[in-house]
Trainee: 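Before I ask anything, here is the structure I am working with.
Being a predicted model, the structure only gives us computed values, none of them experimental. Computation of the quantities below employed the complete heavy-atom set of this structure, encompassing side-chain atoms and omitting hydrogens, waters and symmetry-equivalent molecules.
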Amino acid sequence: MPLAHAVHIDTMQHKLNLYNTLTRKRELFEPLHAPFVGMYVCGPTVYGEPHLGHARSAVTFDVLYRYLKYLGYKVRYVRNITDVGHLENDADEGEDKIQKRAKLEHLEPMEVVQHYTNVYQQDMATLNTKSPDIEPRASGHIIEQIQMIQEILENGMAYEVNGSVYFDVPAYHKNNNYGKLSGRIIEDLLSNTRDTEGQGEKRSPLDFALWKKASPQHIMRWPSPWSDGFPGWHLECSAMSRKYLGETFDIHGGGLDLMFPHHECEIAQSQASHSHSDAARYWVHNNMITVNGQKMGKSLGNFINLSELFSGKHKMLEQAYSPMTIRFFILQAHYRSTLDFSNEALQAAQKGYRKLMNGMRVLEKLVYPEQPGTPDEKLNEDLLKLTEDCFRGMNDDLNTARTIASLFNLLKKINSLYLGQLQIGTLTRDTFDTIRTTYTELVNDVLGLKDEPTADMENMLELVLGFYKEAKENKAYDKVDAIRAELKKQGIVIKDLKTGIDWAYEE
């Protein structure tokens, strides 16, 4: 932890409030065993390239992870890889999504898994998300899943039929509340599924698979007390979160589309296996990215892969967008609100991102004078209020949109200091350091935004600015205009300042 951070910002004074889907209200975040925090987030099913929807979940919980660590907590972040058991249409019938892709590409299922896991991890790294502390795979925890099924069977809340095991939702609901996370009412669910055909082995249409007997053509299978088969999709998260975080832990996260039935089933499984309260104390869900108001996803065919966003090679894209532009696009909206895709929104995000990066460059050039003047008490007070306001958004349910707006307000003052409209010497050293620390650490360490130019680009810009200066001094205004125009095409603006010539990203 940097010294300036320790001196000027008392992070433990910040009280983080999170919206808990389970209670439907904002709650003060209080870890079960402070300063330790256990956080489990549902990761991808690795049968295709990651898209913008995957990025939103990863960036959302990356920022939560970063902010918890920034506040001084010791976090164990677990995010799973689903590599078995996720059947078509998220139901208990149909082909395994990974096996289906393996057949299409004439590969072993685990070749598909490895390839798309690598792609996912690479794309998340490109977006500057931190790797989770543990990234377990479902196929590596078959023993733990079988053990959990046996516990649920022993507690009378599951039954075996023809080598498959199903969770008995009505039996569980007698003494519990199936639907409490999603707000679903079991009578309504039963009414809506009463006429459903093909219920097959299930006693109730609401029951879900804990273990499925593999058909002869099913490739991915493991031995169990009931049959050669594979675990149900919902089971893996319950088993792996318990293994790495304990029977009760702090935060469970994921996309809003997983709330029902996936997370609802997780709660039921965890309670049914150890007969006490919910596994997670805070359930946090990010909303969806939409395209023309419709959820973006593979199954709907309206998704854009991250590689396509980075290259611009997609019929819906007008240009390529950099990874940090995508990250800023995601962070400019509150994580619980929908975020609608459009080229206009991404272009606006590009300008916003560049504006924050211009602020980073300006801060690097600000130097506190060796002999400051008389402090301006009101100015110091106003600036400290602006720095404090930057944290209010983060503490109010991780409202990154408000934090970004507060950073822009602080940036106005930073630019005024740079242009000499406000005098640095009228600030106390403490105020000056607090401004620098707040802005840089929130932008870099918490929001996870970083400058994208390479060192070669920086050197080239310095060379071009040298030519520009020489042309200006020689009054070769045609060259001056030509250099300005060419740089503008690259999104770079030349600034003629009293202190010299500088450049900035075009906003």
Trainee: Is any side-chain heavy atom of Thr21 closer than 4.5 Å to a side-chain heavy atom of Val284?
Mentor: no
Trainee: With Tyr77 as reference, evaluate Tyr65, Phe61, Phe36, Tyr40 under the ring pair (Phe, Tyr, Trp, His ring centres under 6.0 Å) test and give the passing residue.
Mentor: Tyr65
Trainee: Among Leu64, Asn20, Leu245, which one satisfies side-chain contact (heavy atoms from CB on, under 4.5 Å) with Ile251?
Mentor: Leu64
Trainee: For the residue pair Ser337 / Asn287, report whether a side-chain donor-acceptor contact shorter than 3.5 Å exists.
Mentor: no
Trainee: Look only at the side chain of His115 and the backbone of Gly48, and say whether a donor-acceptor pair between them is shorter than 3.5 Å.
Mentor: no
Trainee: Can you give me every donor-acceptor pair (side chain of residues 207-216, partner residue at least two apart or in another chain, under 3.5 Å) with its distance?
Mentor:
unit_1, atom_1, unit_2, atom_2, d
Asp207, OD1, Val169, N, 2.9
Asp207, OD2, Tyr159, OH, 2.5
Asp207, OD2, Ser204, N, 3.2
Trp211, NE1, Ser224, OG, 3.2
Trp211, NE1, Ser227, OG, 3.3
Lys212, NZ, Asp92, O, 3.3
Lys212, NZ, Glu93, OE2, 3.3
Lys212, NZ, Tyr166, OH, 3.4

Trainee: Which atom pair, heavy atoms only, marks the closest approach of Leu442 to Cys390?
Mentor: CD1-CB, 3.4 Å
Trainee: For the residue pair Tyr47 and Asp96, confirm or rule out a side-chain donor-acceptor distance under 3.5 Å.
Mentor: no
Trainee: Using distance alone, with no hydrogens and no angle criterion, decide if Glu49 and Ser307 have a side-chain donor and acceptor under 3.5 Å apart.
Mentor: yes
Trainee: What pairs with Lys174 under salt bridge (Lys or Arg N to Asp or Glu O under 4.0 Å), at least two apart in sequence or on another chain?
Mentor: none
Trainee: Between Tyr335 and Arg56, is any side-chain donor less than 3.5 angstrom from a side-chain acceptor?
Mentor: no
Trainee: State whether the side chain of Glu308 and the backbone N or O of Asn305 hold a donor-acceptor pair below 3.5 Å, judged by distance alone.
Mentor: yes
Trainee: Quick one: do the Glu264 and Tyr178 side chains pair a donor with an acceptor below 3.5 Å?
Mentor: no
Trainee: Taking side chain as C-beta onward, heavy atoms only, is Ile304 less than 4.5 Å from Leu317?
Mentor: yes
Trainee: Could you measure the distance from the OH atom of Tyr282 to the CG atom of Leu18? Nearest 0.5 Å is fine.
Mentor: 7.5 Å
Trainee: If only atom types and distance count, is the side chain of Asn444 paired as donor or acceptor with the main-chain N or O of Leu449 below 3.5 Å?
Mentor: yes
Trainee: Report yes or no: does Gln319 contribute a side-chain atom to a donor-acceptor pair with the main-chain N or O of Gly312 at less than 3.5 Å?
Mentor: no
Trainee: Let me see the working for Trp283 and Ile267 under side-chain contact (heavy atoms from CB on, under 4.5 Å), right down to the final yes or no.
Mentor: CA-CA 11 Å; Trp283 286 82; Ile267 288 176; 3.4 Å; yes
Trainee: When you measure from the side chain of Asp250 to the backbone N and O of Gly38, does any donor-acceptor pair fall under 3.5 Å?
Mentor: yes
Trainee: Hey, are Tyr244 and His141 close enough side-chain-wise for a donor-acceptor pair under 3.5 Å?
Mentor: yes
Trainee: Is any side-chain heavy atom of Ile219 closer than 4.5 Å to one of Gln99?
Mentor: yes
Trainee: If only side-chain N and O atoms count, and only distance matters, is there a donor-acceptor pair under 3.5 Å linking Ser131 with Gln121?
Mentor: no
Trainee: Side chains of His252 and Glu266: is there a donor and an acceptor less than 3.5 Å apart?
Mentor: yes
Trainee: Check whether Asp396 reaches the backbone of Arg392 with its side chain - one donor and one acceptor, N or O, closer than 3.5 Å.
Mentor: no
Trainee: Between the side chains of His263 and His234, does any donor sit under 3.5 Å from an acceptor?
Mentor: no
Trainee: I'd like to know if the side chain of His274 reaches the main chain of Ser270, judged simply by a donor and an acceptor atom lying under 3.5 Å from each other, with no hydrogens or angles considered.
Mentor: yes
Trainee: Counting heavy atoms not belonging to His314, are there more than 12 under 6.0 Å from its NE2?
Mentor: yes
Trainee: Below 4.5 Å, heavy atoms only, C-beta onward: do Val59 and Thr129 meet side chain to side chain?
Mentor: yes
Trainee: At their closest point, which heavy atom of Gly448 faces which heavy atom of Asn128, and how far apart are they?
Mentor: O-ND2, 2.8 Å
Trainee: Counting distance only, does the side-chain N/O of Asp83 pair as donor-acceptor with the main-chain N or O of Ser139 below 3.5 Å?
Mentor: yes
Trainee: Flag yes if more than 12 heavy atoms outside Lys313 fall under 6.0 Å of its NZ atom; otherwise flag no.
Mentor: no
Trainee: Evaluate whether atom NZ of Lys74 has more than 12 neighbouring non-hydrogen atoms of other residues, nucleotides or ligands under 6.0 angstrom away.
Mentor: no
Trainee: Do Thr325 and Ser322 have side-chain N/O donor and acceptor atoms under 3.5 Å apart?
Mentor: yes
Trainee: Side chains of Asn80 and Thr82: any donor to acceptor distance under 3.5 Å?
Mentor: yes
Trainee: Going through the distances and angles, do Phe310 and Thr126 end up as a side-chain contact (heavy atoms from CB on, under 4.5 Å)?
Mentor: CA-CA 10 Å; Phe310 300 154; Thr126 302; 3.9 Å; yes
Trainee: Check side-chain hydrogen bond (donor to acceptor under 3.5 Å, both in side chains) between Asn343 and all other residues, then give those that pass, not counting sequence neighbours.
Mentor: Tyr321
Trainee: For Gln145 and Ala138, indicate whether the former's side chain and the latter's backbone hold a donor-acceptor pair under 3.5 Å.
Mentor: yes
Trainee: Is it the case that more than 12 heavy atoms not belonging to Leu32 sit under 6.0 Å from its CG atom?
Mentor: yes
Trainee: Looking only at side-chain N and O atoms, does Asn118 offer a donor or acceptor that is under 3.5 Å from a partner on Gln114?
Mentor: yes
Trainee: Has the side chain of Arg24 got a donor or acceptor atom that lies under 3.5 Å from a matching backbone atom of Leu181?
Mentor: yes
Trainee: If you count heavy atoms of other groups shown closer than 6.0 angstrom to CZ of Arg76, is the number above 12?
Mentor: no
Trainee: Can you give me the closest heavy-atom contact between Tyr439 and Lys355, atom names plus distance?
Mentor: OH-O, 4.2 Å
Trainee: Check the surroundings of atom CD in Glu88: do more than 12 heavy atoms from other residues, nucleotides or ligands lie under 6.0 Å from it?
Mentor: yes
Trainee: Could you grab the distance from atom CD of Glu95 to atom CD1 of Ile98, nearest 0.5 Å is fine?
Mentor: 11.5 Å
